[in-house]
Amino acid sequence: MAAICSLFIINKSGGLIFYKDYGSAGRMDTNDSLRVASLWHSMHAISQQLSPTVGCSGIELLEADTFDLHCFQSLTGTKFFVVCEPGALHMEALLKVIYELYTDYVLKNPFYEMEMPIRCELFDLNLSQAVQKDRVALLGR
Amino acid sequence: MYMFNRNGVCLFYREWNRPLRTLNPQQDHKLMFGLLFSLKSSPLRWIPPDEGNLGVPQLPGQGCSFHSFCTNTYKFSFMESPSGIKIILITHPMTGDLREALKYIYSLYVEYVAKNPLYAPGTPIRRANLEWQVRTMVIG
């Protein structure tokens, strides 16, 4: 049973540049995924405002009854977040791996324009491999 | 700690250790309630049941109920009662699951406020007993 349900990547202005879902439940059409991505971007920003101390970098983990949401924000403001089953482990590590794949296959691609939707085959391929490996490792534990 | 009713009126607010204050209290309450409302409402049904009706307003208690989120500087825990009373606790990020504590605070609310015949629902709470009990619970 897979732990990860979907992956979103949003650029620093809050636009969705990549969306992939892995679970059978939670499948969203394009409009819904765009809406959800911009919502998340705004909420992330608001949560930084509400911090009682300095140095808040936004929501990293959101827990609900039916899912968990892990978010990773890079230094440039690009946000990677995964929706997964409650209590899923090692999502932060997975997010870091996805970030590395992003820098390798997307940013180093000379035809990729910044802040545009990602359409790189190699990125998709390696991403599927990474998620598959994570799933296998999860089952193996 | 914040307590809101279903219309967004802040009924109770106490702070014990808050070094940074970016906004004035009114705006702070509004922002907090707004964030909570957006997080709770239907667009966040990321594992939705078969119909995916985004944008439909929900009754209190319906839909997926998130209970907390963490950032690197604070943890936000939340509980909503069936009557729409929302209790929020902002704590250190390493705090464990606070749902029991929130339930206890709600029981204090029921005990001291809801059962008070002189309390008009929707007005801010000024009950000294409630404040004292909450303080004891938090600091003790």
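Protein chains get the first letters and strands the later ones, always in sequence-line order, with residue 1 at the start of each. Values in this document were obtained by computation on a predicted structure and should not be read as measured data.
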Give a yes or no on whether [X] and [Y] share a hydrophobic cluster (residues Ile, Leu, Val, Met, Phe, Trp, Tyr; joining criterion: side-chain heavy atoms under 4.5 Å apart).
X        : Y         : value
Tyr99(A) : Leu101(A) : yes
Val36(A) : Leu61(A)  : no
Phe67(A) : Leu39(A)  : yes
Phe80(A) : Tyr112(A) : yes
Phe72(A) : Leu127(A) : yes

So how far is it from Thr71(B) OG1 to Ile59(A) CD1, rounded to the nearest 0.5 Å?
8.0 Å
Does the side chain of Ser68(B) come under 3.5 Å of the side chain of Glu63(A) through a donor N or O and an acceptor N or O?
yes
Close side-chain approach of Ser47(A) to Phe76(B), heavy-atom, < 4.5 Å
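Sidechains of Phe76(B) and Ser47(A): no contact.
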Hey, does the side chain of Asn72(B) reach the backbone of Cys56(A) with a donor-acceptor pair shorter than 3.5 angstrom?
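Pair absent, no side-chain N/O of Asn72(B) close to backbone of Cys56(A).
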Residue among His44(A), Gln48(A), Glu60(A) with most heavy-atom pairs under 4.5 Å to chain B
Glu60(A)
So which atom in Phe69(B) and which in Leu62(A) form the shortest heavy-atom distance, rounded to 0.1 Å?
CB-CA, 3.8 Å
